[in-house]
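So you know, we letter chains A, B, ... as the sequences are listed, proteins then strands, and number each from 1.
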Protein chains: 2
Amino acid sequence: MTSVRIDLSRSTSIFHALSDETRLAVVQMLGDGERCVCDLQAALDVAQSRLSFHLKVLKEAGLVSDRKDGRWSYYTLVPDALTEAHDIVHTLASPRSAESHALTVLGRCCG
Amino acid sequence: MTSVRIDLSRSTSIFHALSDETRLAVVQMLGDGERCVCDLQAALDVAQSRLSFHLKVLKEAGLVSDRKDGRWSYYTLVPDALTEAHDIVHTLASPRSAESHALTVLGRCCG
DNA sequence: GTAATATATCAGAAAAAATTGATATATCAA
DNA sequence: TTGATATATCAATTTTTTCTGATATATTAC
């Protein structure tokens, strides 16, 4: 199994992005595929500037990406980012050398 | 594959607990096994009340448990909690019905 | 007993994150 | 062109989180 060293701040950034109910709901909706902001807003019933703020947090954490088409912005999950999050959690659950404070990701654990 | 419905607030609580470098470092150390607070403090070089605060956040999220023995408190990872975190992330990466806002955990994806 | 140690908790300060309402920008429709 | 729509951003405020220093409690050592 490959082993990749990552930094704690990347990990906390991802977890922080996932630590809010509105943002999790967005991620959940995007799990079904690309959505425009207007659809997210209609489904989640949040103020427009607030949704925009949360989308920015997700984007800065690398969890979603966006593209513009006409008047609409479409957001999509970045599949690698969730895989990364998955691997980090998996790694946290596994023992490693006590003296190493750098987090060593163990690599893909499932298909 | 079994499918368990969980709530968003449980998920955000877990992710919030993991969204801090000190707390991640603690989780990492506990990955090797139980540690007393004094050992964590020595290794992480943080103020005592600050470490105590972070341990409380982890404990309230159900990620660690503690036991008292004489003057010392020992903290351990709660293995089920990391498995739960792992499953939640795994679930987030998978499509599900758009109208369901409850997060449906797909179940164990790897041994 | 007294002193030292390990830890938790508390109050206040500081820092960070989230919310709100307003405004700006671009695009499209009429 | 005028007006409406989709979205982003900004400033001000509010809320939440974190940090610090002090104090409290229990345990053990002397």
> Any side-chain heavy-atom pair from Leu77(A) and Leu92(B) closer than 4.5 angstrom?
Replying inline: no
> CD of Glu60(B) versus C1' of dT9(C): gap in Å, rounded?
Replying inline: 12 Å
>> Mind checking if Tyr74(A) touches a base, just sugar-phosphate, or nothing, with heavy atoms under 4.0 Å?
In response: nothing
> Of the nucleotides dA6(C), dT9(D), dT9(C), which has the atom closest to the Ser49(B) side chain?
Replying inline: dT9(C)
> How many Å lie between CZ on Arg35(B) and C1' on dA6(C), as a whole number?
Replying inline: 17 Å
> Would a hydrophobic clustering, with Ile, Leu, Val, Met, Phe, Trp and Tyr connected at side-chain separations under 4.5 Å, put Val57(B) with Leu8(A)?
Replying inline: no
>> In this structure, how many angstroms lie between the C1' atom of dA6(C) and the CG atom of Asp66(B), rounded?
In response: 13 Å
> In terms of hydrophobic clusters joined by side-chain contacts under 4.5 Å, are Ile14(B) and Phe53(B) together?
Replying inline: no
> For every nucleotide of nucleotides 12-19 of chain D, 5' to 3': is a protein heavy atom under 4.0 Å from its base (B), only from its sugar-phosphate (S), or from neither (-)?
Replying inline: -----SBS
> Could you state the CD-C1' distance from Gln41(B) to dA6(C), rounded to the nearest angstrom?
Replying inline: 9 Å
> Taking side chain as C-beta onward, heavy atoms only, is Val26(B) less than 4.5 Å from Leu51(B)?
Replying inline: yes
Can you list, pair by pair, the side-chain donor-acceptor contacts under 3.5 Å of residues 62-75 of chain B, counting residues two or more places apart and other chains?
unit_1	atom_1	unit_2	atom_2	d
Asp66(B)	OD1	Lys59(B)	NZ	3.1
Asp66(B)	OD2	Lys59(B)	NZ	3.2
Arg67(B)	NE	Glu34(B)	OE2	2.8
Arg67(B)	NH2	Glu34(B)	OE1	2.9

>> Without decimals, in angstroms, what is the distance between Arg67(A) CZ and dA8(D) C1'?
In response: 18 Å
> Can you give one letter per nucleotide of nucleotides 23-30 of chain D, 5' to 3': B if a protein heavy atom sits under 4.0 Å from the base, S if only from the sugar-phosphate, - if neither?
Replying inline: ----BSS-
>> Side-chain N or O of Tyr75(B) versus OP1/OP2 of dA6(C): is the shortest distance under 4.0 Å?
In response: no
> Between Phe15(A) and Phe15(B), what is the ring plane arrangement, given parallel below 30°, perpendicular above 60°, and tilted in between?
Replying inline: parallel
> Taking atom P of dA17(C) as reference, at what distance in whole Å does atom CZ of Phe15(B) sit?
Replying inline: 18 Å
> According to the side-chain hydrogen bond (donor to acceptor under 3.5 Å, both in side chains) rule, which pairs have a member within residues 44-56 of chain A, sequence neighbours left out?
Replying inline: Arg23(A)-His54(A)
>> Are Ser19(A) and His16(A) packed together at the side-chain level, in the sense that at least one heavy-atom pair is separated by less than 4.5 angstrom?
In response: yes
> Please give, in whole Å, the distance from dT19(C) P to Lys56(A) NZ?
Replying inline: 15 Å
> Heavy atoms under 4.0 Å, any strand shown: does Ser52(A) hit a base, just sugar-phosphate, or nothing?
Replying inline: base
> How does the hydrophobic cluster around Val78(A) look, that is, which other residues are in it when side-chain heavy atoms under 4.5 Å mark a link?
Replying inline: none
